[in-house]
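Okay, so here's the structure we're looking at.
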Protein chains: 2
Amino acid sequence: MRGAMIHAAGDVRVEDRDAPTLELPTDAIIKVVAACVCGSDLHLYRGTELVDSPMPIGHEYVGVVEQVGDDVKNVKPGDFVVGSFMASDNTCEICQAGYQSKCEHVEFVGSNGAQADYLRVPLADGTLVATPGQPDEDLIPSLLAASDVLGTGWFGAVAAEAGPGKTVVVVGDGAVGLLAVLAAKQLGAERIIAMSRHESRQKLALEFGATDIVEKRGDEGVAKIKELTGGLGAHSVIEAVGTQESMMQAIESTRPGGHVGYVGVQHDAQLPAGDLFFSEVHLHGGPAPVRRFLPDLIDRIWKREMDPGKVFDLALPLEEAAEGFAAMDQRRAIKVLLQP
Amino acid sequence: MRGAMIHAAGDVRVEDRDAPTLELPTDAIIKVVAACVCGSDLHLYRGTELVDSPMPIGHEYVGVVEQVGDDVKNVKPGDFVVGSFMASDNTCEICQAGYQSKCEHVEFVGSNGAQADYLRVPLADGTLVATPGQPDEDLIPSLLAASDVLGTGWFGAVAAEAGPGKTVVVVGDGAVGLLAVLAAKQLGAERIIAMSRHESRQKLALEFGATDIVEKRGDEGVAKIKELTGGLGAHSVIEAVGTQESMMQAIESTRPGGHVGYVGVQHDAQLPAGDLFFSEVHLHGGPAPVRRFLPDLIDRIWKREMDPGKVFDLALPLEEAAEGFAAMDQRRAIKVLLQP
């Protein structure tokens, strides 16, 4: 089969690889219908995370079940499935509490490389969710989004307690930030302020339900949010970047007692605990437990209540994965869909 | 009147001062019945916070209303009252959301010095809560505790979502930590693990409802908590120290999706955002909005459902305030009550 490999920063190649096989009775093999390039893949592409040796890449996927292990009961060959980037048993105490991304038996599906013709999904019963039937072609991008980028924005909105009567700020206008706008809207937020200085992203934010756009950043951005919220700050702020600056901007934009949901992958930021203490905000985030939200997300997509697939502004054949990485790296594309 | 002044690190003196007078129509003057020395006062006493010039000290108090301004409607001369260390209007949007410690008109009552014969309390209507009648003598320490140290431990327990079915860890065996144990018990926690290596404090923790004592700290302490919780970590962890080490110990002792309530006053700690992100805990804390809890706390004390006053293991006349500071600084006393 064909699959994308990252060899080093800036060096993604689509190559012949052995097709995966069942390794454990809890595995499933799926034929990938669509995959995509994630903002977090860019850490490797840009060299901010080291590539030790060539490795398969991609962790977002939808597909059709090809084969299942003997212990798999919830999905069967022929099912169209969406899965999280984190494989989880969905039965342990942590999963049952809704934190499947920290399952006691968690595995990163991306280690197997989803940007490929076929993918082995561990813990298939706990990880994959079948759609009600074979989806119409136009639903595929939205279902693919549910696999990570929508699920992550959704978790940010839930962690920030976005909902009726709330003013919600979204820091970050990447695909996750834009889908956090959509999530806040779906969850019933009253006012949604998107922080963005790119016209095409502002436009999509407005389509997804943003009521206000703020172009300023840092201290000026915080001052603008205060101005728009009677001096108090927002009830809910979703951080979808992952830098020191964006994190502090999010915390400072939140009113005392308000909630910051942070889903931008954090690396080197240091949070001054004194500032955090006196801000008196709630802070919650981390790798999104997408599995918690998948049944609800699939249902909303299936009923065409939302169209998160709009974040894909470039679709390429799998063979052109390298161009997909380049387009996202250079911000020529918000999010790239790859078709095997 | 007589009142305590801090002149410099290690230098507390009780001196003659002018008795306070009403400055605003929202003020009340109270005759202080009991005050105390707070762990946070020790920052000044130890020199970790600078004393620029001699200033009144003390921010925990109970007393009898002596005089009220024209706008004060909720308390009247003769009422026995408990107040928070933060004066709040209790009507603004932030107060109504339960964050009176960050009231839009917040003032630190301690600036007026509660370790004195009389105290001016700003925003009296929003700050003071009258007890149902004149309290029996033996209730006074407990009512005094409600003014800060109990209210702070209680906030830590609420922020950590301590409650039925939960395993709660308390990091810190000062008065706040011990009263956090009591709060967790009152809130119905199933298991309460107090981290303490001092026999007298362990004893009080057990009296207050701790089910387990862990003497180890740092990584060893975290390992012990993991061992006691099936490898997962606690549902709820209350941080009541305020150092980098205690904060990381609290975060690492919490299971994914669990809650850290932190009430130790934070100064220089830096939280590595990456570790926080991947821990996937909820983090909430800050200066306790004691006013939110006061009616409930007074009610429980009045009905003798709890006896938080046990944290006072030394009572001194106000004139001996300096000895009170020394005893707490040297950890000869858990908490010192001062009687004007």
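Chain naming here is simple, since letters A, B, ... match the order of the sequence lines and numbering starts at 1 in each. Source: prediction; values computed, not measured.
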Quick check on the interface: out of B:S279, B:G231, B:A269, B:G98, who has the most heavy-atom pairs with chain A under 4.5 Å?
B:A269
In short, B:E280 meets A:G286 closest at the heavy-atom pair OE2-C, 3.9 Å
Looking only at heavy atoms and a cut-off of under 4.5 Å, which of B:D275, B:D268, B:V265 has the most pairs with chain A?
B:V265
Could you tell me whether A:K166 atom NZ has more than 12 heavy atoms of other residues or ligands within 6.0 Å of it?
yes
Taking atom CZ of B:R217 as the centre, report whether more than 12 heavy atoms of other residues, nucleotides or ligands fall under 6.0 Å from it.
no
Proximity breakdown for A:F277 and chain B, heavy-atom pairs closer than 4.5 Å
both
Heavy-atom nearest pair, B:Q266 first then A:A273, reads OE1-CB, 3.3 Å
Go through the atoms of A:V263 and report whether side chain, backbone, both or neither lie under 4.5 Å from a heavy atom of chain B.
backbone
Sort out for me which of B:G274, B:G230, B:G242 touches chain A most, counting heavy-atom pairs under 4.5 Å.
B:G274
For the atom pair CE (A:M247) and CG (B:L276), what is the distance rounded to the nearest 0.5 Å?
6.5 Å
Could you tell me which portion of A:E104 (side chain, backbone, both or neither) has an atom closer than 4.5 angstrom to a non-hydrogen atom of chain B?
side chain
Is it the case that over 12 heavy atoms from other parts of the model lie below 6.0 angstrom from the CG atom of B:D219?
no
Would you say the side-chain atoms of B:H284 pair up with the backbone N or O of A:V281, donor to acceptor, closer than 3.5 Å?
yes
